[in-house]
Amino acid sequence: MNDDLNGLIEQAKRVLDGNWLGKSTKPSPHLYPHQWNWDSGFISIGYASYNQKRAQQELSTLFNAQWKNGMVPQIIFNPDALGGYFPEPDFWQCERSPNYPKGVLTSGITMPPVHAVAALRTFNKATDKAAAKGWLREIYPKILESHEYLYRERDPLKEGLIYIRHPWESGLDNSPTWDDPLKAMKIDRDKLPPYERKDLKKGIPASQRPTDFDYDRYVFLVDLFRRLKYDEHAIYQECPFLIQDPLFNGILSKADEDLVEMGKVLGEDTKKIEEWHQQTNRSIRNKMWHELHGAFDVFDMRANEHVGTITASGFLPLLCGAPTQEEAQIMYDFLDSNSFCPMHDATCFSIPNYNLEGDYIDTKNYWRGPVWINTNWLLMDGLRRYGFNEKADNVKHDIVDIVRLWGFHEYFDPFKEKGIGYGTDNFSWTSALFIDAASELLESQ
Ligand code: 2M8
């Protein structure tokens with residue numbers, strides 16, 4: 001078993017080497033040929049256990065593309081790989097914004113802010129603490145600025161809850177949660193700018209990717225942003241998709257906590273960040289708790305109501321300590337039920353991204369049911385925070401086992417009998433977080 005795991009860790013490192021672009025790592029060889037925001041966070045967590053320099057560089061390269069208003073873009077385009085993805089810089093036209101940074105090519109939206117979590121982990125794993133502290137001093141103010149941007153520009157009601165303005169900002173592009181908000185958008189197909197999907201030309205079945213209906217709305221939103229020159233105030237007035245998401249806010253609040261830790265190492269005043277964390281947790285608890293479902297739910301700011309479609313994202317606030325112990329227990333009972341694959345059930349892997357008994361379950365379609373390693377890695381920490389250690393260990397073992405059995409895929413079928421991973425192969429965050437989980441398992445033996 002140990003030889004097996006050591007061999008697989010070496011294989012995972014080779015996947016990351018293959019996706020290494022010189023200063024950062026692309027998510028996969030063909031489907032995603034550029035640098036992605038939260039992918040880089042997860043990738044640096046993997047590097048942190050064996051290559052401190054790369055872990056630092058991954059995050060530093062990302063933050064070199066930070067916008068002047070503090071936003072960390074969703075994609076930093078690789079100029080040598082243009083032409084293989086949609087949408088690319090010619091479509092985003094971010095130079096229309098006065099906040100667009102010089103010398104880099106980026107998209108005009110952001111993603112869940114995992115970077116403080118990744119940076120603290122990188123620092124904590126460093127053996128040469130003095131050198132790592134030098135890097136921490138450089139990255140800390142940049143991450144702080146990115147949180148300032150979110151609280152300043154994306155929290156109009158000053159609740160400590162950030163809205164996202166595009167499904168791509170959630171990281172969970174075609175989650176069933178977005179179905180209703182996307183259907184409610186009134187768009188005129190004839191007025192959409194012409195576009196060509198590239199994701200369907202990479203050998204992945206269309207049934208495992210978002211639909212054309214989804215893409216039309218993704219494109220409508222990008223077109224709106226560029227017409228409004230990426231002005232956040234104008235976007236807030238006009239954007240039909242404005243969502244407060246428990247995954248995004250749960251990650252932000254956990255990242256606040258980790259930023260405080262980093263600040264303390266550096267002797268900085270962290271009072272403001274502590275207040276953000278407290279307020280975000282309070283508001284997640286007060287505004288996002290869904291009594292009926294027993295989990296946190298997305299709040300649609302346009303419809304002014306909960307969306308009511310619970311996915312595994314609804315459990316993410318375990319990570320930042322938002323729920324009370326009582327709420328956490330209610331969530332746990334739901335999470336460890338047939339809906340999300342209970343422990344000791346030999347037929348499935350935990351934790352599918354969407355309720356296995358839900359109306360829209362599709363276990364091979366992207367964010368509509370498969371198991372994803374990144375969200376599970378975060379949920380593992382959330383479970384541990386509330387003392388659900390056996391379940392956390394079970395999630396860790398499943399992360400390792402699913403990769404051991406089916407390889408370094410992007411996402412996986414939750415049912416063991418299917419025996420299959422989906423999407424692209426040689427996927428970076430699967431490899432990186434496998435390295436992290438498998439190394440911890442080996443150390444604990
Ligand atoms: C997927 O999203 C991109 C757009 O950002 C796409 O479908 O083209 C998502 O899984 C997202 O979470 C991930 O960061 C990205 C790259 O791995 O791919």
Side-chain angles (χ1 to χ4, degrees), residues 15-16 19 21 24-46 58 62 72-78 81 84-89 91-92 106-115 118 164-175 177-178 182 195-202 204-212 214-219 221-222 225 245 247-248 251 311-313 316 353-354 364-378 408-412 421-433:
V15 171
L16 293 176
N19 290 338
L21 292 168
S24 68
T25 315
K26 57 184 170 180
S28 71
H30 307 295
L31 186 61
Y32 309 114
H34 307 289
Q35 181 179 21
W36 256 260
N37 177 315
W38 76 332
D39 295 61
S40 280
F42 296 120
I43 291 165
S44 65
I45 288 169
E58 186 74 36
L62 180 70
V72 185
Q74 165 224 19
I75 304 176
I76 291 83
F77 292 99
N78 169 11
Y85 182 79
F86 171 81
E88 286 187 340
F91 199 87
W92 285 99
T106 81
S107 68
I109 56 175
T110 189
M111 287 194 111
V114 291
H115 315 104
I164 54 169
R165 50 174 166 81
H166 196 296
W168 285 334
E169 291 202 314
S170 73
L172 278 54
D173 307 5
N174 71 342
S175 160
T177 315
W178 315 135
L182 289 180
Y195 73 96
E196 185 195 7
R197 289 183 65 171
K198 299 271 171 73
D199 59 315
L200 297 180
K201 301 194 161 155
K202 309 276 165 111
I204 293 160
S207 60
Q208 294 174 23
R209 295 281 309 169
T211 61
D212 288 344
D214 294 332
Y215 258 81
D216 279 352
R217 277 138 194 89
Y218 299 164
V219 163
L221 290 169
V222 174
F225 302 154
D245 173 31
L247 177 138
F248 196 107
I251 289 178
T311 68
S313 300
L316 241 298
N353 183 257
Y354 174 61
K364 52 182 183 320
N365 185 343
Y366 215 34
W367 291 99
R368 303 181 74 86
V371 169
W372 286 80
I373 302 301
N374 64 331
T375 38
N376 286 357
W377 189 89
L378 295 170
F408 300 101
H409 281 278
E410 191 179 1
Y411 40 101
F412 302 87
Y422 302 114
T424 175
D425 199 356
N426 294 323
F427 193 61
S428 290
W429 82 40
T430 300
S431 311
L433 297 176

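Just so we're clear, the structure is a prediction, and the values are computed from it rather than from any experiment. Start at 1 and go down the list; that is how both ligands and their atoms are numbered.
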Rounded distance (nearest 0.5 Å) linking atom CE of Met111 with atom CD1 of Ile251: 10.0 Å
Side-chain donor or acceptor of Tyr218 paired with backbone N/O of Asp173 under 3.5 Å: yes
Ligand 1-proximal atoms of Ile75, by part, heavy-atom distance under 4.0 Å: neither
Heavy atom of the protein closest to atom 1 (C) of ligand 1 (residue, atom name, distance): Tyr366 OH, 2.9 Å
Subset of ligand 1 atoms that lie under 4.0 Å from at least one heavy atom of Phe427: 17 (O)
Protein heavy-atom partner closest to atom 10 (O) of ligand 1 - residue, atom, separation in Å: Trp367 NE1, 3.1 Å
Residue selection (non-hydrogen contact nearest atom 3 (C) of ligand 1) among Asp199, Thr424, Asp173: Asp173
Donor-acceptor contact below 3.5 Å, side chain Ser175 vs main chain Trp367: no
Spacing of Phe77 atom CZ and Glu88 atom CD [to the nearest 0.5 Å]: 6.0 Å
Expected output: side-chain Glu410 to main-chain Trp429 donor-acceptor under 3.5 Å: no
Trp429 N/O under 3.5 Å from ligand 1 N/O: no
NZ on Lys26 to CD1 on Ile43, rounded to 0.5 Å: 11.5 Å
Side-chain (Thr25) to main-chain (Leu16) donor-acceptor, under 3.5 angstrom: no
Protein heavy atom at shortest distance from atom 4 (C) of ligand 1: Tyr85 OH, 3.4 Å
Heavy-atom side-chain contact between Trp38 and Asn374 under 4.5 Å: yes
Sub-3.5 Å N/O-N/O distance, Asp39 and ligand 1: yes
Atoms in ligand 1 flagged as close to Trp38, the criterion being non-hydrogen separation under 4.0 Å: 11 (C), 12 (O), 13 (C), 14 (O)
Enumerated ligand 1 atoms positioned under 4.0 Å from heavy atoms of Gln74: 4 (C), 5 (O)
Closest protein heavy atom to atom 12 (O) of ligand 1, given as residue, atom name and distance to 0.1 Å: Gly171 O, 2.5 Å
